[in-house]
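What follows is a short report on a single structure.
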Amino acid sequence: MDPRNPNDLSICGTLHSVDQYLNIKLTDISVTDPEKYPHMLSVKNCFIRGSVVHYVQLPADEVDTQLLQDAARKEASQQKQ
Amino acid sequence: MADDVDQQQTTNTVEEPLDLIRLSLDERIYVKMRNDRELRGRLHAYDQHLNMILGDVEETVTTIEIDEEAYDEIYKSTKWNIPMLFVRGDGVVLVAPPLRVG
């Protein structure tokens, strides 16, 4: 689990929780990409505001694509109504 | 009777732009993002905010370097592949079928 932020800070960690705004709590984090941001060295857990997250990289194995696609279709048709 | 038909979960008619994206589910698409980024990947899910989940993604970041002496602009692009990616809708500018460069 690897959220990439628009200021080019990439954090790797374990997903602890997510809320309706897609705010993310990560535990046991490490900074991916060259550690240009040494001020994160002492940080183990963090809360990230959903609005600043650009991408979240997910491990492909844990994703059931069929379920996602069905959910997306239902979500889309519900939104129309 | 007509009311029952209207309440069907998924309709096959294209009524609004998001329906066009629905037609692309499980297909490869091209997504243009802010900050000169482009993604090509297989669309697995999306919502009305244009948050998307893409699989087998190739991201291209394009930067322009200016050669001071020759006053040329050099376009550089870097690509990398990501197996499964959630993209926040904030950054999405364009969604289209993959471009076929002839």
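In what follows, chains are A, B, ... by sequence order, proteins preceding strands, each numbered from 1. Bear in mind the structure is a predicted one, so any value in this text is a computation, not a measurement.
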Which atoms of Leu43(B) approach chain A - backbone, side chain, both or neither, heavy atom under 4.5 Å: backbone
Go through His54(A) and Asn35(B) one step at a time and tell me if the side chain to side chain contact (heavy atoms under 4.5 Å, CB included) criterion holds. CA-CA 11 Å; His54(A) 236 162; Asn35(B) 298 332; 3.8 Å; yes
Need one label for Leu39(B): side chain, backbone, both or neither, based on atoms under 4.5 Å from any heavy atom in chain A. side chain
Answer yes or no: does atom OH of Tyr21(A) have more than 12 heavy-atom neighbours from other residues, nucleotides or ligands under 6.0 Å? no
Glu59(B) side chain reached by Tyr55(A) side chain, heavy atoms, under 4.5 Å: yes
Nearest heavy-atom contact between Arg88(B) and Val53(A) is CD-O, 3.1 Å
Is chain A contacted by the side chain of Asp56(B), its backbone, both, or neither, given a heavy-atom distance below 4.5 Å? neither
Any side-chain heavy-atom pair of Val87(B) and Val56(A) under 4.5 Å: no
